**Student:** 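What follows is a structure written as structure tokens; I'll ask about it next.
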Amino acid sequence: MKMDLREFIDLEVVVVYIKYIIILMIKMMLMSVVTAYYRMKNKAFSNPEDAASYGKGEQAKKYLRTDPDVERVRRIHLNDLENIIPFAIVGFLYSLSGVPYSTAVLHYRLFLGSRIFHTIAYLVPLPQPCRGLAWLIGYLVTFSMIYKLILVSLAM
Ligand SMILES: N[C@@H](CCC(=O)N[C@@H](CS)C(=O)NCC(=O)O)C(=O)O
């Protein structure tokens with residue numbers, strides 16, 4: 001069966017997807033800035049040339065170390081990569097799947113909220129299961145969109 005995609009795709013949903021993904025990308029990219037901030041504040045570097053800006057010889061070697069704050073922010077960044085990239089791909093296909101606007105916005109909003117809360121819970125840090133629940137909500141949102149995509153592709 002031939003489909004006219006222009007009838008199927010709701011451009012408003014694609015536009016709202018773009019808005020949310022831009023916010024999520026900025027949020028994820030900001031983790032690099034936060035990492036750099038903690039590296040400089042706590043003088044903890046992984047490259048000799050970076051440490052050299054803060055001292056020479058033995059002094060510089062002292063700054064070649066891992067730091068708990070830096071590692072924590074790096075884990076947040078990694079967790080963002082593990083979750084936001086699948087969301088970006090799945091969320092885009094989902095925006096083309098003929099889903100109602102309100103349902104799409106609910107998914108995108110829940111995901112964004114879950115990732116912001118995950119970062120706060122990880123940075124503060126808040127006691128578990130705060131971070132775990134934040135992560136789970138985002139994970140389930142992505143799975144819910146995958147489920148819809150499976151249903152749509154089975155119906156084709
Ligand atoms: N790569 C993750 C997979 C599971 C996951 O993402 N768990 C969430 C909720 S507990 C988390 O925040 N993990 C901590 C992290 O990724 O550093 C891990 O190693 O924990």
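All figures in this text were calculated on a predicted structure; none of them were measured in a lab. Counting starts at 1 for both ligands and their atoms, in listed order.
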**Student:** Indicate whether atom 6 (O) of ligand 1 is within a distance of less than 4.0 angstrom of some protein heavy atom.
**Tutor:**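 Given the 4.0 Å limit, the answer for atom 6 (O) of ligand 1 is yes, a protein heavy atom qualifies.
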
**Student:** Would you say the side chains of His77 and Thr35 form a donor-acceptor pair under 3.5 Å?
**Tutor:**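 Looking only at side-chain atoms, Thr35 and His77 do not form any donor-acceptor pair under 3.5 Å.
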
**Student:** In terms of atom number and element, which parts of ligand 1 are under 4.0 angstrom from non-hydrogen atoms of Gln128?
**Tutor:**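 Heavy-atom distances to Gln128 below 4.0 Å select 10 (S).
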
**Student:** Which residue supplies the protein heavy atom nearest to atom 8 (C) of ligand 1, what is that atom called, and how far is it?
**Tutor:**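 So the nearest neighbour among protein heavy atoms is Trp135 CG, 3.6 Å.
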
**Student:** With a 4.5 Å cut-off on side-chain heavy-atom distances among I, L, V, M, F, W and Y, is there a chain of contacts connecting Ile23 to Val15?
**Tutor:**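 Looking at the clustering, Val15 is in a separate group from Ile23.
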
**Student:** Do Tyr17 and Tyr94 have ring centroids that are under 6.0 Å from one another?
**Tutor:**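 No.
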
**Student:** Nearest to atom 3 (C) of ligand 1, what protein heavy atom do you find, and at what distance?
**Tutor:**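 Closest protein heavy atom to atom 3 (C) of ligand 1: Glu82 OE1, 4.0 Å.
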
**Student:** Which of the atoms of ligand 1 are close to Arg75, meaning less than 4.0 Å from one of its heavy atoms?
**Tutor:**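 With Arg75 as reference, the close atoms of ligand 1 come out as 17 (O).
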
**Student:** Which atoms from ligand 1 have a heavy atom of Asn79 less than 4.0 Å away?
**Tutor:**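 Going through ligand 1 atom by atom, the ones under 4.0 Å from Asn79 are 5 (C), 6 (O), 8 (C), 11 (C), 12 (O), 13 (N), 15 (C), 16 (O).
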
**Student:** Would atom 19 (O) of ligand 1 count as contacted, meaning some protein heavy atom under 4.0 Å?
**Tutor:**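 No, because not a single protein heavy atom sits under 4.0 Å from atom 19 (O) of ligand 1.
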
**Student:** Is Ile89 reachable from Ile150 through a run of I, L, V, M, F, W or Y residues, each pair having side-chain heavy atoms under 4.5 Å apart?
**Tutor:**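 Yes, Ile150 connects to Ile89 through the hydrophobic network.
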
**Student:** Please list, in number order, the atoms of ligand 1 under 4.0 Å from a heavy atom of His118.
**Tutor:**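 Going through ligand 1 atom by atom, the ones under 4.0 Å from His118 are 11 (C), 12 (O).
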
**Student:** Grouping I, L, V, M, F, W and Y whenever their side-chain heavy atoms are under 4.5 Å apart, do Trp135 and Leu140 come out in a common cluster?
**Tutor:**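 Same cluster: Trp135 reaches Leu140 through Ile, Leu, Val, Met, Phe, Trp or Tyr contacts under 4.5 Å.
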
**Student:** Give the residue and atom name of whichever protein heavy atom lies nearest to atom 15 (C) of ligand 1, and the separation in Å to one decimal.
**Tutor:**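 The closest one turns out to be Tyr122 OH, 3.4 Å.
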
**Student:** Does the side chain of Tyr20 pick up a donor-acceptor pair with the side chain of Arg109 at under 3.5 Å?
**Tutor:**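 A donor-acceptor contact under 3.5 Å links the two side chains.
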
**Student:** Whether the Tyr122 and Arg75 side chains hold a donor-acceptor pair (N or O, under 3.5 Å, no angle test) is what I'd like checked.
**Tutor:**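 Short answer, yes.
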
